[in-house]
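What follows is a single structure, written as structure tokens, with notes after it.
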Amino acid sequence: MRKAVDVPVFGIGEEVFHEAARDGRPFGIVTVTPDPALIESFREKAASLGYEAQYRGTRVTEGDPKVLVEQAEALDAALAAAVTESVAKDGASAVIMGGGPLSASAVRLQPQFEAPLLVAVHAAARAAAKAITQAQ
């Protein structure tokens with residue numbers, strides 16, 4: 001896309017990895033999706049962007065993902081447990097919330113954690129806003 005247009009392009013997945021790894025910090029990912037191919041794609045993305053050494057792995061929530069995304073309270077509890085493990089056991093200093101349906105939970109849960117809970121769309125929006133500000 002970047003080669004095809006003359007305007008900045010911000011990929012949501014790419015931007016959230018850049019934000020998570022900023023200043024060399026270690027980061028993890030939390031998701032509700034127990035798909036091994038998806039989990040491997042996270043590792044591959046970290047490696048392709050040069051962040052493999054900072055990537056601390058992916059934690060998958062306990063419970064049926066379809067049920068969790070329909071019940072905010074259960075989703076928040078499952079995600080909070082996975083974030084806690086990512087930080088305490090894996091050494092993550094930032095945690096990417098791996099999936100669009102997790103965005104609202106990230107906002108609700110953030111006050112419980114010192115580590116930033118990062119949402120891909122928010123990261124891309126921040127990168128675009130920064131680019132606009134710097135261009136002025």
Side-chain angles (χ1 to χ4, degrees):
M1 176 67 81
R2 289 183 176 109
K3 292 178 183 178
V5 298
D6 293 328
V7 296
V9 174
F10 302 93
I12 62 173
E14 181 179 344
E15 294 303 332
V16 79
F17 274 81
H18 290 320
E19 192 168 305
R22 184 173 296 131
D23 299 323
R25 72 179 160 194
F27 66 93
I29 299 173
V30 167
T31 187
V32 297
T33 308
D35 178 4
L38 175 67
I39 294 167
E40 175 60 14
S41 76
F42 292 151
R43 188 202 61 75
E44 290 171 356
K45 175 59 85 176
S48 74
L49 294 171
Y51 302 134
E52 191 168 27
Q54 293 162 254
Y55 174 60
R56 298 298 187 256
T58 298
R59 292 282 175 171
V60 179
T61 56
E62 296 288 327
D64 182 333
K66 292 177 184 176
V67 173
L68 288 175
V69 297
E70 293 176 0
Q71 300 173 0
E73 190 173 304
L75 177 61
D76 288 359
L79 288 169
V83 168
T84 298
E85 287 186 346
S86 183
V87 171
K89 295 182 180 178
D90 303 334
S93 294
V95 179
I96 295 171
M97 304 302 276
L102 312 184
S103 300
S105 286
V107 172
R108 290 190 300 266
L109 292 173
Q110 184 61 76
Q112 297 177 32
F113 295 96
E114 287 186 31
L117 306 182
L118 304 173
V119 174
V121 172
H122 298 173
R126 282 189 288 272
K130 182 178 179 181
I132 291 167
T133 301
Q134 290 176 344
Q136 295 177 349

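Numbers here are sequence positions counted from 1.
Here the shortest heavy-atom pairing between Tyr55 and Ala46 reads CB-CB, 3.8 Å. When every heavy atom of Ser103 is checked against every heavy atom of Val119, the shortest pair comes out as OG-CG1, 3.2 Å. Across every non-hydrogen atom of Val69 and Pro101, the tightest pair is CG1-CB, 4.1 Å. Summarising the geometry of Arg25 relative to Pro116, their closest heavy-atom pair is NH1-CG, 3.5 Å, with the distance given to 0.1 Å. Considering every non-hydrogen atom in both Pro34 and Pro65, the closest pair reads CD-CG, 3.9 Å. Listed here is the closest heavy atom pair of Gln112 and Ala80: OE1-CB, 4.2 Å.
Glu85 places no side-chain N or O within 3.5 Å of a backbone atom of Val60 that could act as its donor or acceptor partner. Ser86 places no side-chain N or O within 3.5 Å of a backbone atom of Ala82 that could act as its donor or acceptor partner. A donor-acceptor pair is defined here as one N or O able to donate and one able to accept, closer than 3.5 Å; no such pair exists between the side chain of Thr33 and the backbone of Asp35. One N or O on the side chain of Gln110 and one on the backbone of Phe113 form a donor-acceptor pair closer than 3.5 Å.
Rounding to the nearest 0.5 angstrom, the gap separating the NZ atom in Lys66 from the CD atom in Gln71 is 14.5 Å. If you take CE on Met97 and OG on Ser105, they are separated by 6.0 Å, rounding to the nearest 0.5 Å. Interatomic distance, CD1 of Ile39 versus CD1 of Ile29, reported as 9.5 Å (0.5 Å rounding). Going from atom CZ of Arg22 over to atom CD of Gln54 covers 12.0 Å, rounded to the nearest 0.5 Å. The structure places CG of Leu102 at 6.0 Å from CG of Leu75, a figure rounded to the nearest 0.5 Å. Interatomic distance, Arg59 CZ to Asp90 CG, rounded to the nearest 0.5 Å: 4.0 Å.
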side-chain contact (heavy atoms from CB on, under 4.5 Å) between Val95 and Leu118, intermediate numbers included: CA-CA 6 Å; Val95 179; Leu118 304 173; over 6 Å; no
Derivation of the ring-ring contact (aromatic ring centres under 6.0 Å, His included) call for Phe17 and Phe27: CA-CA 9 Å; Phe17 274 81; Phe27 66 93; 5.7 Å; yes
side-chain hydrogen bond (donor to acceptor under 3.5 Å, both in side chains) between Tyr51 and Ser48, worked out: CA-CA 8 Å; Tyr51 302 134; Ser48 74; over 6 Å; no
Stepwise side-chain contact (heavy atoms from CB on, under 4.5 Å) test for Leu68 and Thr61: CA-CA 9 Å; Leu68 288 175; Thr61 56; 3.5 Å; yes
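Contact of the Ile96 side chain with the Val30 side chain is not registered, since no non-hydrogen atoms from C-beta on lie closer than 4.5 Å. Looking at heavy atoms from C-beta onward, His122 lies in side-chain contact with Val107 at the 4.5 angstrom threshold.
Following chains of ILVMFWY side-chain contacts shorter than 4.5 Å, one can reach Val32 starting from Val83, so the two form part of one hydrophobic cluster.
Counting non-hydrogen atoms of neighbouring residues, nucleotides and ligands closer than 6.0 angstrom, the CD atom of Glu62 reaches no more than 12 such neighbours.
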